[in-house]
Asker: 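This is the structure I have questions about; it appears just below.
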Amino acid sequence: MAVDQIIYWIGGSACAGKSTLAKMYADKYGLELYACDEHSDIHMQKISRNKQSAMHKVSKMKPNEVFYTRDVEEQLRVYLQFVREDFSMVLEDLAAKPNLPIVVEGNQLLPHLVLPHMREKHKAIWIVPTERFQREHYSQRVWVQELLQQTDDPAVSFDKWMSRDALFAELVQQEANHLKLNLLKVDGVKGLQENFKIIVEYFSCEKT
């Protein structure tokens, strides 16, 4: 990444609307969008067991092991290591891109990982949902239910999944607060357009 490149980092936890908000922002201002999850499959093809041990471990798991047989603490531990490893590959991707303004979005953008790479023309915000909001909206997603049906106990698997993500969101929130970084909490009181307005107003001070 060039020192003078403009980057808008949008991190956070799942089901906060950050992917939608990042796309809305990129579309509004004609910016390139880099969504971390859209590159994960490519990254998974490049991993090695020694260098990306968590990513390698997850690549061998079936849904039952991902969400049901392991306890929540183990799920969180492996997931945190996974996003750390994938973040390194995200940085490699960004370094290879042209020096143009870009919006970067994903769970991989843990506050303590992004902060050392932030420059003068960078702006960042982290978006996390409340656990109630997350459980309500994830339960309505068809692909979530289809995935859960591949486990021995969909109800228990869903509860563990949501508990893991709630702990992840709490960690992101704690890191952002500790590092004095910007945080948007999504609880359903404000709609998508209201949250988008918050992001536009915050990022506008850095637009050139």
Side-chain angles (χ1 to χ4, degrees), residues 6-41 67 75-76 79-80 82-83 86-87 90 93-94 101-115 118 122-148 158-177 179-207:
I6 299 172
I7 299 181
Y8 300 98
W9 304 93
I10 301 180
S13 185
C15 205
K18 65 184 184 303
S19 297
T20 301
L21 292 166
K23 185 178 186 306
M24 290 170 65
Y25 192 83
D27 288 347
K28 181 178 177 67
Y29 294 105
L31 305 174
E32 182 178 356
L33 173 64
Y34 181 101
C36 294
D37 283 350
E38 292 182 4
H39 294 78
S40 283
D41 287 344
F67 301 113
Q75 289 186 30
L76 179 64
Y79 184 64
L80 285 171
F82 180 103
V83 298
D86 200 24
F87 179 73
V90 168
D93 290 347
L94 295 177
I102 187 171
V103 179
V104 184
E105 170 274 320
N107 290 3
Q108 291 85 339
L109 311 182
L110 289 171
H112 80 276
L113 296 178
V114 173
L115 186 59
M118 288 185 65
H122 291 200
K123 205 63 174 159
I125 193 167
W126 281 263
I127 311 173
V128 297
T130 62
E131 184 172 359
R132 181 192 61 78
F133 181 88
Q134 176 183 287
R135 284 177 177 268
E136 177 183 343
H137 285 265
Y138 248 43
S139 65
Q140 298 171 9
R141 296 183 176 182
V142 175
W143 69 268
V144 170
Q145 298 305 322
E146 291 175 347
L147 193 57
L148 291 170
F158 182 72
D159 186 63
K160 285 186 171 183
W161 184 356
M162 294 301 99
S163 296
R164 183 206 72 178
D165 278 8
L167 290 173
F168 182 80
E170 183 180 353
L171 182 147
V172 170
Q173 180 173 333
Q174 289 175 349
E175 279 195 8
N177 288 334
L179 297 172
K180 295 180 171 46
L181 299 169
N182 295 281
L183 181 78
L184 174 61
K185 196 74 174 283
V186 175
D187 57 9
V189 175
K190 292 185 177 69
L192 183 67
Q193 289 298 330
E194 291 177 284
N195 288 333
F196 182 58
K197 183 178 179 181
I198 291 173
I199 291 175
V200 169
E201 290 177 348
Y202 171 65
F203 283 168
S204 65
C205 66
E206 287 293 318
K207 292 193 66 58

Asker: To the nearest 0.5 Å, what is the distance between CG (L184) and CD1 (I199)?
Answerer: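 Spacing of CG (L184) from CD1 (I199) equals 6.0 Å.
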Asker: At what distance, to the nearest 0.5 angstrom, does CD1 of I127 lie from CD1 of I10?
Answerer: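 Output value for this atom pair is 5.5 Å.
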Asker: In the structure I gave you, are the side-chain heavy atoms of L76 and L80 within less than 4.5 Å of one another anywhere?
Answerer: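 In contact.
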Asker: Do the side-chain N and O atoms of Y138 and D165 include a donor-acceptor pair separated by under 3.5 angstrom?
Answerer: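 Their side chains do not contain a donor-acceptor pair, so the 3.5 Å distance test is not met.
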Asker: Compare every heavy atom of P101 with every heavy atom of L31, then report the nearest pair and how far apart it is.
Answerer: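 Heavy-atom minimum between the residues: CD2-CB, 3.6 Å.
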Asker: To check you understand the geometry: which heavy-atom pair defines the closest contact between A26 and L33, and what is its length?
Answerer: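 Shortest heavy-atom contact: CB-CB, 4.0 Å.
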Asker: Measure the spacing between CG of N107 and CG of D86 and express it to the nearest 0.5 Å.
Answerer: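 Going from the CG atom of N107 to the CG atom of D86 covers 10.5 Å.
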Asker: If we only count heavy atoms from C-beta on, is the M24 to L192 side-chain gap below 4.5 Å?
Answerer: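 A side-chain contact exists here, since the closest heavy-atom pair is under 4.5 Å.
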Asker: Got a sec, which residues hit side chain to side chain contact (heavy atoms under 4.5 Å, CB included) with I102, two or more places apart in sequence or on another chain?
Answerer: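 Partners of I102 under the side chain to side chain contact (heavy atoms under 4.5 Å, CB included) test: Q5, I7, E32, Y34, L94, K97, V104.
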Asker: For A176 and L183, which heavy atoms make the closest approach, and how far apart are they?
Answerer: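 Answer, listing the atom of A176 first, then L183: CB-CD1, 4.2 Å.
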Asker: Under a 3.5 Å distance rule, please check whether K18 uses its side chain to pair with a backbone N or O of G106 as donor and acceptor.
Answerer: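 Here the side-chain-to-backbone pair does not exist.
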Asker: Is the ring pair W161/F158 parallel, tilted or perpendicular, if the boundaries are 30 and 60 degrees?
Answerer: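 The arrangement is perpendicular - the two ring planes meet at more than 60°.
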Asker: Show your reasoning for whether side-chain contact (heavy atoms from CB on, under 4.5 Å) applies to D159 and S163.
Answerer: CA-CA 6 Å; D159 186 63; S163 296; 4.2 Å; yes
Asker: How many angstroms lie between CE in M162 and OG in S139, if you round to the nearest 0.5 Å?
Answerer: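 The CE atom of M162 sits 8.5 Å away from the OG atom of S139.
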Asker: For F203 versus Y25, what's the shortest heavy-atom pair and its separation?
Answerer: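 Looking at all heavy atoms of both residues, the shortest contact is CB-OH, 3.2 Å.
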Asker: CE/M118 to CG/L181 distance, rounded to the nearest 0.5 angstrom?
Answerer: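 If I round to the nearest 0.5 Å, the distance is 6.5 Å.
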Asker: Evaluate S40 against Q108 for side-chain contact (heavy atoms from CB on, under 4.5 Å), listing each step before the verdict.
Answerer: CA-CA 10 Å; S40 283; Q108 291 85 339; 3.5 Å; yes
Asker: Between F168 and Y79, how do the two ring planes meet: parallel, tilted or perpendicular, split at 30° and 60°?
Answerer: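 Answer is perpendicular, since the angle exceeds 60°.
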Asker: Between the side chain of Q134 and the main-chain N/O of C15, is any donor-acceptor distance below 3.5 Å?
Answerer: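 No, because the side chain of Q134 does not come within donor-acceptor range (under 3.5 Å) of the backbone of C15.
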Asker: Are H122 and I6 close enough that some pair of their side-chain heavy atoms sits under 4.5 Å apart?
Answerer: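 Sidechains of I6 and H122: no contact.
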Asker: For a side-chain contact (heavy atoms from CB on, under 4.5 Å) check, start with the C-alpha distance between E105 and D37, then their side-chain angles and the critical distance, and finish with the verdict.
Answerer: CA-CA 9 Å; E105 170 274 320; D37 283 350; 5.7 Å; no
Asker: Is the side chain of E194 donor-acceptor paired with the backbone N or O of G191 at a distance under 3.5 Å, no angle test?
Answerer: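 Judged by distance alone, yes, a pair lies under 3.5 Å.
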Asker: Any side-chain heavy atom of W143 within less than 4.5 Å of one from L147?
Answerer: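 When only atoms from C-beta onward are counted, L147 and W143 do touch, with a gap below 4.5 Å.
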Asker: Between the main-chain N or O of L109 and the side-chain N or O of W126, is there a donor-acceptor pair closer than 3.5 Å?
Answerer: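 Present.
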Asker: Rounded to the nearest 0.5 Å, how far apart are CG of L21 and NZ of K23?
Answerer: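 Nearest 0.5 Å value for the CG-NZ distance: 12.0 Å.
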Asker: Stepwise, does the side-chain contact (heavy atoms from CB on, under 4.5 Å) test hold for H39 with V90?
Answerer: CA-CA 8 Å; H39 294 78; V90 168; over 6 Å; no
Asker: State, with a plain yes or no, whether a side-chain heavy atom of F87 is found less than 4.5 Å away from one of V114.
Answerer: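 A side-chain contact under 4.5 Å exists here.
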